[in-house]
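A, B, ... follow the sequence lines: proteins, then strands. Residue 1 opens every chain.
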2 protein chains.
Amino acid sequence: MARTPRNTLSADLIVRTALALMEAKGADAFSLRGVAAELGVGPMALYTYFRNKDELYDAVRDHLMSLLPDVPKDAPWPDQVRSVCRSLRLLMLQHPCLAQLLAGRPLSGHETARVAEGLLGVLRSAGFAPETAARTHTTLFTYVLGSTSWEIQMAAERRDPEAWRRLRMSMESLSARDFPSVVELAPELARTTGGDEQFDYGLDLLLAGLQSKTEVRTPS
Amino acid sequence: MARTPRNTLSADLIVRTALALMEAKGADAFSLRGVAAELGVGPMALYTYFRNKDELYDAVRDHLMSLLPDVPKDAPWPDQVRSVCRSLRLLMLQHPCLAQLLAGRPLSGHETARVAEGLLGVLRSAGFAPETAARTHTTLFTYVLGSTSWEIQMAAERRDPEAWRRLRMSMESLSARDFPSVVELAPELARTTGGDEQFDYGLDLLLAGLQSKTEVRTPS
DNA sequence: ACCTGAACACCGTTCAAGT
DNA sequence: ACCTGAACACCGTTCAAGT
């Protein structure tokens with residue numbers, strides 16, 4: 001067996017390989033041993049660059065977050081907020097594993113702070129007080145996280161025929177007596193499991209609430 | 001070795017044991033073998049009641065959702081909506097594993113449909129059109145899911161001294177040049193990582209947005 | 001039907017060792 | 001420093017078997 005030459009590995013190469021595996025087989029299927037095998041090295045080779053699996057997770061998340069575009073300048077603040085939220089959602093849809101990476105572990109790493117920086121900057125420029133800006137940022141961020149994670153989960157379910165069949169069966173077995181509204185609105189509900197429209201609906205509710213707040217304080 | 005007598009197990013007993021283990025050691029640490037060991041049986045004994053680990057997950061989730069209280073009658077609809085959302089959040093806080101159970105796998109099981117039924121019933125009674133009711137329900141549900149999951153995650157981080165130290169270090173190492181708003185608003189941001197106030201702030205934004213929507217259509 | 005035990009193909013991680 | 005190989009203590013699940 002030819003010994004692997006030195007310095008064939010690097011933190012960046014490992015992160016990119018891990019990301020490729022996660023996108024191919026899902027964040028759950030991903031394993032250190034799988035990444036090592038893909039790179040043609042022993043499992044322990046990775047421990048030179050990452051102390052454990054969680055550190056690799058963090059590095060992958062940080063790498064993905066670096067792909068986020070900057071906040072557009074010279075636009076009304078509600079449009080800027082919409083842009084940041086949509087960018088994050090788009091990135092999560094393009095890299096479904098990001099949802100699990102963000103949900104499973106906390107914010108750490110500089111790239112993750114860029115979302116906060118973008119949103120907070122916009123909100124401060126719009127004249128919101130520090131406390132309001134912070135609360136609004138967290139509200140928006142958790143809304144994007146929750147709604148997009150849900151959308152990704154439902155999309156994954158739809159692709160798995162067995163799981164999809166069980167979900168349909170479960171819905172159809174609900175009695176109209178115990179669940180009148182769910183049964184009556186089943187077609188409408190099915191249309192809300194994802195898509196730009198559903199996302200923008202909730203985002204617009206939040207922005208409308210925010211604007212009604214500002215109008216009270218500074219009546220035109 | 002005394003052979004385990006028959007019918008010592010039941011689906012309900014297994015679910016309760018699994019739930020106890022998840023709450024004690026976290027949803028990740030939970031394993032089929034661990035549940036079996038706790039019950040004093042071999043790992044294969046569980047397969048009589050559940051086809052695989054995911055089915056047990058679903059059963060635990062459904063069991064937890066059955067603990068949700070009913071929607072209060074005879075209250076203004078915004079209060080009813082608030083009540084449903086707060087009940088779900090409270091249940092998630094009392095049973096942190098529920099966040100992962102809801103995020104990791106889809107809605108299935110009758111008990112899970114109760115949230116939807118409660119919210120949809122309230123919204124329909126308030127006079128919302130079918131499509132609006134469905135979209136609003138999903139928006140509210142995903143907001144509760146996202147914000148409470150985030151809150152739970154941050155609370156777990158705070159309990160782990162090592163992780164908490166790294167998070168503080170990561171925040172403090174942010175340069176005021178690249179992340180001016182994050183650095184400036186750090187104390188305010190820290191206060192938004194959870195708590196009733198933060199949750200109600202976002203919920204009120206959504207409700208305010210919703211009411212501004214209805215006022216346009218039916219001006220008083 | 002209900003539970004057992006051995007076995008398979010995996011994990012993350014530690015430890016001691018090579019270069 | 002960078003990578004290896006063996007080993008430990010786990011997984012979920014299949015299969016054949018007992019009662």
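The nearest whole Å value for the distance from the CG atom in A:Leu46 to the P atom in D:dG5 is 14 Å. Regarding A:Leu39, its CG atom lies at a distance of 16 Å from the P atom of D:dC2, rounded to whole Å.
Here the side chain of A:Arg89 pairs no donor or acceptor atom with the backbone of A:Phe199 at under 3.5 angstrom. Side-chain atoms of A:Ser149 never come within 3.5 Å of backbone atoms of A:Gly146 as a donor-acceptor pair (strictly under, hydrogens ignored).
With respect to the salt-bridge test (charged N to carboxylate O, under 4.0 angstrom), the residues B:Asp58 and A:Arg166 qualify. Using a 4.0 Å cut-off between charged side-chain N and carboxylate O, A:Glu111 and A:Arg114 make a salt bridge.
Interatomic distance, B:Phe30 CZ to B:Met22 CE, rounded to the nearest 0.5 Å: 5.0 Å.
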Using the 3.5 Å cut-off, write out each protein N or O paired with an N or O of nucleotides 11-13 of chain C and the distance between them.
residue, atom, partner, partner atom, Å
C:dC11, OP1, A:Ser31, OG, 3.2
C:dG12, OP1, A:Leu32, N, 2.9
C:dG12, OP1, A:Lys53, NZ, 3.2
C:dG12, OP2, A:Leu32, N, 3.2
C:dG12, OP2, A:Arg33, N, 3.3
C:dG12, N7, A:Arg33, NH1, 2.5
C:dG12, O6, A:Arg33, NH1, 2.9
C:dT13, OP2, A:Tyr47, OH, 3.0
C:dT13, OP2, A:Lys53, N, 3.0
C:dT13, O5', A:Tyr47, OH, 3.4

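Only the C1' atoms considered, D:dA7 is 14 Å distant from C:dC11, to the nearest whole Å.
For the residue pair B:His110/B:Ser66, the side-chain donor-acceptor check at 3.5 Å is not satisfied. With hydrogens and angles left out, the side-chain atoms of B:Gln198 and A:Thr139 include a donor and acceptor closer than 3.5 Å.
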Worksheet item: Can you check side chain to side chain contact (heavy atoms under 4.5 Å, CB included) on A:Leu185 and B:Arg124, steps first, answer last?
Response: CA-CA 10 Å; A:Leu185 300 187; B:Arg124 294 286 349 239; 3.6 Å; yes
Response to the item:
Intra- and inter-strand pairing of DNA chain D, written as dot-bracket with Watson-Crick and G-U pairs under 3.5 Å and | for the latter, reads ||.|||||...|||||.||
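Counting non-hydrogen atoms under 4.0 angstrom, A:Tyr49 reaches the backbone sugars and phosphates but no base.
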